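Right, one structure below, let's go through it.
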Amino acid sequence: MADVYSPAGWTAEPDLHVAKLQVRAARPISARLSKTIGMTAPKPNREVSRPGLSCAAIAPGEWLLVGGRAEVDDVLERVRGNFADDLFLAVDLTAGRYASRFSGLAALAFLSAYSPVDFSANAFAVGSAARTQLGDIGIFVTKLDDQPTFRLIIEQSMTPYFHNLLWHSRSAG
Amino acid sequence: MSSYRLARGGLVDRKAPIEFTWQGRTHSGFRGDTLASALLAEGIGLVGRSFKYHRPRGILAAGLDEPNAIVQLESGGHSTPNLKATYVDLYDDLKAAPVNARPSVEHDRMAVNGLFKRFIPAAFYYKTFMWPNWHLFEPAIRKAAGLGEAPREGDPDYYDQRYAHCDKLIVGGGIAGLKAALTEGGNGHSVILVTGGALWGGRYAGSSQLVENVPGQQWIDAVMGELRAMPNVIVLARTLVTGYYDHEMLAMCERLTDHAAIAARSGPRQRLWKVRAKEVVIATGAIERPLVFPGNDRPGVMLAGAAQTFLRRHGVAAGRAPVVATNNDSAWHVALELAAAGVQVQAIADAREEVDARLRLAAEQHGIAVKLNTVPIGVKGAKAMNAVVLAPLASDRVVGKARETLSADALLISGGWNPVVHLHSQAQGSLRLDDRLHTFVPDKRVQANRSIGAAAGDFTLSGTLASASGKAEAVAGTDGAAMRPIWSISEKDEPSSYAWVDFQNDVTAADVALAARENFISVEHLKRYTTLGMASDQGKTSNINGIGVMSELLDRPMSAIGTTKFRPPYDPTTIGVFAGHRVGEGLQPRRLLAAHEAHLAFGAHMEEYGSWMRPSTYRRGNETEQDAVAREVLAVRNSVGIFEASPLGKIEVKGPDAATLLDRVYVNTIRTLKPGKCRYGLMLNEHGIVFDDGIVTRLAEDHFLVGTTSGHASVIAESLQELLQCEWVDLQVLTEDVTTNWGVVNIAGPRARDLIARIGTDIDLSPEAFPHMSHIEGRIADIDCRVARVSFSGELSYEIAIPWNRAAHLWALCLQHGEDMGVTPFGIESLMAMRIEKGFLHVGSDTDGTTLPQDVGFGAIIEKKKSDFIGRRSTSRPDGRRVDRRQLVGLEALDGKKPLSVGAHIVPDRSRGSERSEGWVTSSVYSPSLDLPVAMAMVEGGAGRRGETVNVWDLGERRPARIVDACRYDVAGERLNG
């Protein structure tokens, strides 16, 4: 069954919380964002992390927050204070996303099969983040380590399609 | 030799014999053979029939330029038509047969076409089958035409796709490609090196000809060893670059298992590579041109270079006693190599009056007769040749009277070489005519690529090695003496009607002359008029000859004739590899509802609606769909029903300018909406056409929730982003598509309020506190939720949005707490029945690509609205103001209880003397609530024709119907507002 196919090296992350922050401000926000997330704000297409929380810059004025429930909620709460004077939209997307990790060469082959991004070690180093395509759906990818391990976040209603792709790429590589 | 396989030589594994079947008979070859080389080795020279005249044909080439040996491989699901035998690797138990030949290639019934050849020249069918009607003849012509047969069974294989990125993509595995890869790999670049066939080395594969002072095959082995040891180099054999697109994007088809016995195949059959390269090195070599002379299509006539390839790679002689005919030096080397291998080469006929003395001496030392200023003018034998007729040239295309007939079982020809410029051209590079080579070579390039070696017209080994290693630019030229361009050979001034230019499509030099006479002199017209270059080989051996013939006929330089456009794919490519994972369940993403399992458990009949799998009905026992719809509708009308509406689009729109944005997007005025209230809205595209509808909710002064139809959620979310980023950058608005964050359970029916109360909520559900078209956030079953009191069924209705992962729980609670109420899950079809009863618009069903908002009752709203919105201007064009536009109305069948057919035409009463369609039925159902059929229709001037009787025409049947109001149920809206 394609919809339950789970290759070696792949694990779901059902407890991961995901939120998206959009800010439109008249003045620079890097310092306030760093203060809000508790670490230096990420550069474009990069992700920064601390225990329990990662933050990726996915577009101008847009960040994806990923981590434990408490940590993500805490940041969302601080957003309301630190950006009270700005236009912002902070949305908890946890219920709408499906997160997983995939490690090893099979992960690299899987992503290379369906995504046009260059995931080679030189082009996509640890800490890189990309919002791109996976087959016919959108995906958010970050590289967590050099195994390589990738975190993959898709829209949750696409889960059956995602597993179908995993199954179809069973001999890729 | 007992067969055409020489005792020595070639790269085949003589310890690994392979049995295969050709036309039902068993033959044998060796591992490393192609189907073509194995057939040649077995002495099988007749391998195909031509497309039009069904003339007997033999193997002409050794690669993808082969026009004759077109075969059907295997049977059943594995069957593949139109493969070139020269490109099919031999494997155990391979089964192949010729195409276009019945019952066999030796005795082809359709060969009778050849008897009528003079009556059916190029374009005869354009002229002949015009009267009385082309369609009268088309079926028979189509049946007679065509090559192989597509398999009727499903494809048992699957196909991979992958992306790749590199600094240098080197296309071509010949000496040029290998040297370039070695250089670029050594420089530390990431390199992908590909070759279309199974072997590396191109024409040098199996050769002892020296390359950098090392015998060719040894050089190839050494270089491949070095390349395979480089971690930054990927080498891919059996990988054909099929297309070169923008920004150095190339498509490649890798054949993974095609060379293995069917029983031994596992994994994907082929893989489509989509490669982004920083630079592309085109080392695709060159294709030899045939000589165009009467009888040049007979089995036994082969390109000299092909004969060399069969000798070097497979140890196979193209003939025991061949004659060589050429206009350039290259075929001399082939003749000498064949002679050195023990083949009795009878003669070399060269069109030139002088040749290199060293070549002539070498030929004579091998006992080969040399005949200068001489060309072939005929071939003896029908299905196998036994002699060649030679004649002296009196001019560049007409022979003198003398004839000499030489016994020969093969004629190896060379009319010069054409660089494979396809990829350079596909990358928008220009071509120029080279005066020495008499062919087109790459000129200006547009993308980051460079052609090297023969692909650049450089036929010198030293030049090729220099340009491949980056030490010099490639320069077109040869080591040998100049060639003599010979485009067609004839006994008369007129080109011969038996001198073939395009072998596969049966186009002769006389056909080109006919096109010229009839003024189809543009190269593009020549192609379409004669079909030259339109076969599955895309004119690889014929295009330049065709241009040459036309050039001679018009007395214009070839550069003035030009070339046709080179387009991908380079060679026919299996559709499956383009589909990749997009088959079966992977055809497109299929999305599941939040309570999918619960629906299945309740007997839902699932269907796909705009990529979502949703219950159409929940049929019980032997219920038909109509039975189930009736039961579900009545349950909702009389008690309570539940429906999962999770796919409805939900887009958060926030910011001080949010109302301004939505005012510009909706036909309706949004800024007047109060917080906590909902409004039905219509969206148009820029042409004023109805695009989507839904409920807009004002969550707060600066915060809205935009509801869209299920199929348009992501499109509208992206459209809003585009408007904000590109059109109205001054608006202070942020948006986020939260459609799948929220599962939605719709509770509808007169007891909906009771059911929610039973489940437990802190929301005041009273009509006063929570009236129709309002919105409240609260808790139901201790779950935070957003509840909108909106209705598409016409009943008291609540849409409860809760976190997606809690929706199944709420669904279960509804079933549990509503059991004694007879709570009934209802599907899409039941919802549709109820909305038709109410006359509610369904965008997509009741609208099409011409529907303006005034056609569906929004004219007054537009008139009232003061501000502009997308599509407004287009709604007021003269066409939009016509009073006879089709308008949405209701229809009442007057002849019983059978629902009207959707799509049936509205035609006036016959007494009006017109049969013209005045519209059509857009929605129709048998109404369980009213116990009669109800329908909606778009009818010309419909709004002003209420009460009029019309005919509804469907497939010859006429039914009387009356135009009525669309709303047929609870017209006052009391139930909705209750």
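Remember, predicted model here, so these are calculated numbers, not experimental data. Letters A, B, ... are given to chains in the order of the sequence lines, protein chains preceding strands, and every chain is numbered from 1.
Arg24(A) and Val729(B) get closest at one heavy-atom pair: NH2-O, 2.6 Å. The two residues Tyr114(A) and Tyr163(B) have their closest heavy-atom pair at C-CE1, 3.5 Å. In terms of heavy-atom proximity, Met158(A) sits nearest to Pro589(B) at SD-CB, 3.6 Å. Between Asp136(A) and Leu587(B), the closest heavy-atom pair is OD2-O, 4.2 Å.
The contact between Asp92(A) and chain B is made entirely by backbone atoms, counting heavy-atom distances below 4.5 Å. Heavy atoms closer than 4.5 Å to chain A are found nowhere in Trp273(B), neither backbone nor side chain. Heavy atoms closer than 4.5 Å to chain A are found nowhere in Arg276(B), neither backbone nor side chain. Contact annotation for Lys274(B): neither backbone nor side-chain heavy atoms come within less than 4.5 Å of a heavy atom of chain A. For a residue to count as touching a neighbouring chain, one of its non-hydrogen atoms must lie under 4.5 Å from one of that chain's; by this rule Thr735(B) touches chain A with the backbone only. Contacts between Ser112(A) and chain B at a heavy-atom distance below 4.5 Å involve backbone atoms as well as side-chain atoms. Within the 4.5 angstrom heavy-atom criterion, no atom of Phe119(A) approaches chain B.
Asp782(B) CG: 12 or fewer foreign heavy atoms inside a 6.0 Å radius. Residue-environment remark: CZ (Arg779(B)) exceeds the threshold of 12 foreign heavy atoms within 6.0 Å.
Remark: side-chain polar atoms of Gln156(A) are paired, donor with acceptor, to backbone N or O of Thr740(B) under 3.5 angstrom. Checking side-chain atoms of Asn164(A) against main-chain N and O of Glu585(B) turns up no donor-acceptor pair under 3.5 Å. The closest donor-acceptor contact from the side chain of His165(B) to the backbone of Pro116(A) lies under 3.5 Å.
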*Please step through side chain to side chain contact (heavy atoms under 4.5 Å, CB included) for the pair Lys654(B) and Gln22(A), ending with a clear verdict.*
CA-CA 11 Å; Lys654(B) 189 186 172 202; Gln22(A) 295 185 63; over 6 Å; no

*List the steps and the verdict of side chain to side chain contact (heavy atoms under 4.5 Å, CB included) for Arg590(B) and Tyr161(A).*
CA-CA 6 Å; Arg590(B) 269 187 175 169; Tyr161(A) 179 80; over 6 Å; no

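Expressed to the nearest 0.5 Å, how far NE2 of His581(B) lies from OG of Ser169(A) amounts to 10.0 Å. The structure places OG1 of Thr159(A) at 10.5 Å from CZ of Arg591(B), a figure rounded to the nearest 0.5 Å. Taken to the nearest 0.5 Å, the OG1 atom of Thr94(A) stands 8.5 Å off from the CG atom of Asn805(B). Between atom CD1 of residue Ile137(A) and atom OG of residue Ser611(B) there is a gap of 11.5 Å, rounded to the nearest 0.5 Å.
With a 4.5 Å cut-off on side-chain heavy atoms, Ser157(A) and Leu592(B) do not count as touching. Contact annotation: the side chain of Arg97(A) never approaches that of Trp804(B) to less than 4.5 Å [non-hydrogen atoms, C-beta and beyond].
Side-chain polar atoms of Tyr159(B) and His168(A) form no donor-acceptor pair below 3.5 angstrom.
Across Leu87(A), Val23(A), Val91(A), a single residue satisfies side chain to side chain contact (heavy atoms under 4.5 Å, CB included) together with Leu734(B), and that is Leu87(A).
Chain A forms more heavy-atom pairs under 4.5 Å with one residue of Val733(B), Leu593(B), Val583(B) than with any other, namely Val733(B).
In this structure, Arg170(A) forms a cation-pi arrangement with Tyr158(B), its terminal cationic atom sitting closer than 6.0 Å to the ring centre and no more than 45° off the ring axis.
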